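Encoded as structure tokens, the structure appears first; notes follow it.
Predicted, not measured: the structure shown is a model, and the values here were computed from it. For the numbers below, each heavy atom of this structure counts, side chains included, while hydrogens, waters and symmetry mates do not.
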Amino acid sequence: METILTIKNCHRAKTVRPVNNPEAPEYEFGWRKKRYEQGMFSCRFNHIITAPDGSEIEVSDLNLKEWVVTSWKYEENMEHLWSAGVNAFYNTSHSPEERAAQAIREFEKELQDDLANIPADEKEAYAKRYTEWVSILFAKHSRIASAMIVGPARFPTRRNESASNAYDHALKEFGAWREKALKRIRQKIEDAKPQEQKDDEEWQAVRAQIMDSAGSIFAIDTQNAPYSRPLFVSNLYGRMETLAKRGKVELLKKAAELVRELNEKFKAKGGKEIFTSRHKFWKLVEAAEAEMAKKAERADLEDIEIEFEGGTIILAFSEDRLQIHHDTKPSSDVIQLLKTKAWRWSRNNCCWQRQLTRNACYSAARVIIGGPKRTCELDEITNYAQMLCQNLPA
């Protein structure tokens, strides 16, 4: 069945043809490409339809019905929410139809931006849930009124304030859902990547860091750039040292080789070495190897469980993680504290966890013993942290 061009769908039309000429070729549709000023605060738009020979036809909203859509810019749409959109702005706008059209266009654009980075098998479910949220937002907004629209006489101020708060709350929930859903999908995409691709992407990121810092250092040496050379060198070393602490041996070997090449190029062009031959940077590969050996030793240790009121702490040596398992879901204050202390929720292990370090032990004591309001003495937190640290291998 042919779809007639309307103000509800014209923004996503790609090509059209005359409704009374089925044999006509496809025309390119340009949504709102012609603008006419109507005073200082008003304007109107017409659409431009381009024929295969390059000639242009100007079409107003009143003449859209004379054209049939032959292809779309995208298929996912919210045209069925038109009435809900108009109702949403009926009491807050002098032109609810225009506001509804604008809102639908904006939501559809955001949805398309999201879908562009979502795997094909996730698109349908995400688009469906996103559209359901838009329907909820329209319903919430329809309960809001403006005194300028409905009149100030006996205006229900308190009820309107309540409706406005309900809409704001729903909008925040929608944003939280979208952020969480996209994060989950990104993680799924990341997990599905081959290990070779992950390794290459990680190296490219490290290489970009080195090249960026090296470029600034070279500019300081040869062009008297107004920066601090020691600061750039120290910053670059700090990033490489972090890789060593994570046991990234292969990355550091590649980094060392790249720095050697850059050192030779810089000296040939009148610059200085990024790291001199006596710099501690060159010992980071050994440090990373030692860290890997330490992790290998830990992996053979048996996990240790320590109970506390309301849950259990697990020193998971096999996964190099310190885990906090709660018997019941903790309060929102505790969850917020965990997040601010760099704890991350593990869906696989159903717990909050961090890398197994002394800092993690002290952080766990701060969360478990101190709590969100730190209801105990600092000595108690310190003693509990030291008890956890005693279980770590030297």
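- Within a 6.0 Å sphere centred on CD of Gln204, heavy atoms belonging to other residues, nucleotides or ligands number more than 12.
- The CH2 atom of Trp133 sits 15.0 Å away from atom CG of Leu111, with the distance rounded to the nearest 0.5 Å.
- Sorted by first and then second residue, the side-chain hydrogen bond (donor to acceptor under 3.5 Å, both in side chains) pairs with a member in residues 310-330 read Arg298-Asp320, Glu319-Asn349, Asp320-Gln355, Gln323-His325, Gln323-Gln353; sequence neighbours excluded.
- The line from OG1 of Thr70 to CD of Glu2 is 10.0 Å long, rounded to the nearest 0.5 Å.
- Within the structure, salt bridge (charged side-chain N to carboxylate O under 4.0 Å, His left out) contacts touching residues 93-120 (residues at least two apart or in different chains) are Arg32-Glu98, Glu98-Arg105, Lys109-Asp113, Glu110-Arg178, Asp114-Arg178.
- With contacts defined as side-chain heavy-atom distances shorter than 4.5 Å, the pair Arg12/Glu79 qualifies.
- Judged as a salt bridge (charged side-chain N to carboxylate O under 4.0 Å, His left out), the pairs with a partner in residues 122-149 (not counting sequence neighbours) are, in order, Glu122-Arg184, Glu122-Lys188, Arg129-Glu132.
- Inter-residue side-chain proximity for Ile104 and Phe138 is flagged as met; some heavy-atom pair is nearer than 4.5 Å.
- In this structure, Arg35 and Phe45 have side chains that are in contact, with non-hydrogen atoms separated by less than 4.5 Å.
- In this structure, CH2 on Trp352 lies 5.5 Å from NZ on Lys339, to the nearest 0.5 angstrom.
- The environment of Glu37 atom CD is dense: over 12 non-hydrogen atoms of other residues, nucleotides or ligands sit within 6.0 angstrom.
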Assess the residue pair Glu257 and Arg260 against the criterion (salt bridge (charged side-chain N to carboxylate O under 4.0 Å, His left out)); give the C-alpha distance rounded to whole Å, side-chain angles, the decisive distance to 0.1 Å, and a yes or no. CA-CA 5 Å; Glu257 184 62 30; Arg260 288 192 185 93; 3.7 Å; yes

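- Atom CD1 of Ile57 and atom CG of Asn46 lie 13.0 Å apart (nearest 0.5 Å).
- Residue pairs meeting the side-chain hydrogen bond (donor to acceptor under 3.5 Å, both in side chains) criterion with at least one partner in residues 213-225, sequence neighbours excluded, are Asp221-Arg229.
- Side-chain contact, Asn87 with His141: no donor N or O sits under 3.5 Å from an acceptor N or O.
- When side chains are defined from C-beta on, Asn9 does not count as touching Asn77, because their heavy atoms never get closer than 4.5 Å.
- Between the side chains of Asn359 and Thr357, no donor-acceptor pair is found at a separation under 3.5 Å.
- Lys198 NZ: more than 12 foreign heavy atoms inside a 6.0 Å radius.
- When the options Leu356, Leu301, Ile304, Leu322 are evaluated for a side chain to side chain contact (heavy atoms under 4.5 Å, CB included) with Leu392, the one that passes is Leu356.
- The list of side-chain hydrogen bond (donor to acceptor under 3.5 Å, both in side chains) pairs with a residue in residues 153-168, not counting sequence neighbours, is empty.
- Atom CG of residue Leu338 and atom CZ of residue Arg344 lie 10.0 Å apart, to the nearest 0.5 angstrom.
- Counting only distance, with no hydrogens or angles, the side chain of Ser135 and the backbone of Thr131 share no donor-acceptor pair below 3.5 Å.
- Looking at Arg354, its side chain does come within 3.5 Å of a backbone N or O of Lys341 through a donor-acceptor pair.
- Looking at heavy atoms from C-beta onward, Leu337 lies out of side-chain contact with Trp343 at the 4.5 angstrom threshold.
- Between Tyr130 and Tyr126, the two ring planes are tilted [angle within 30° to 60°].
- Partners of Arg246 under the salt bridge (charged side-chain N to carboxylate O under 4.0 Å, His left out) rule, at least two apart in sequence or in another chain, are Glu202.
- Considering only heavy atoms from C-beta on, Trp203 stays 4.5 Å or farther from Asp199 through its side chain.
- Ring centroids of Phe29 and Trp67 are separated by 6.0 Å or more, keeping the two rings apart.
- There is a side-chain donor-acceptor pair under 3.5 Å between Glu201 and Gln197.
- Minimum interatomic distance between Ser228 and Ile220 (heavy atoms only, all atoms of both residues): C-CD1, 3.9 Å.
- No donor-acceptor pair under 3.5 Å is formed between the side chain of Ser234 and the backbone N or O of Leu231.
- The CD1 atom of Ile210 lies 11.5 Å from the NZ atom of Lys254; values are rounded to the nearest 0.5 Å.
- More than 12 non-hydrogen atoms from other residues, nucleotides or ligands lie less than 6.0 angstrom from OH of Tyr237.
- Residues Val68 and Val19 meet the side-chain proximity criterion, which asks for heavy atoms closer than 4.5 Å.
- Residues Arg17 and Glu23 are not in side-chain contact: their nearest non-hydrogen atoms beyond the backbone lie 4.5 Å or more apart.
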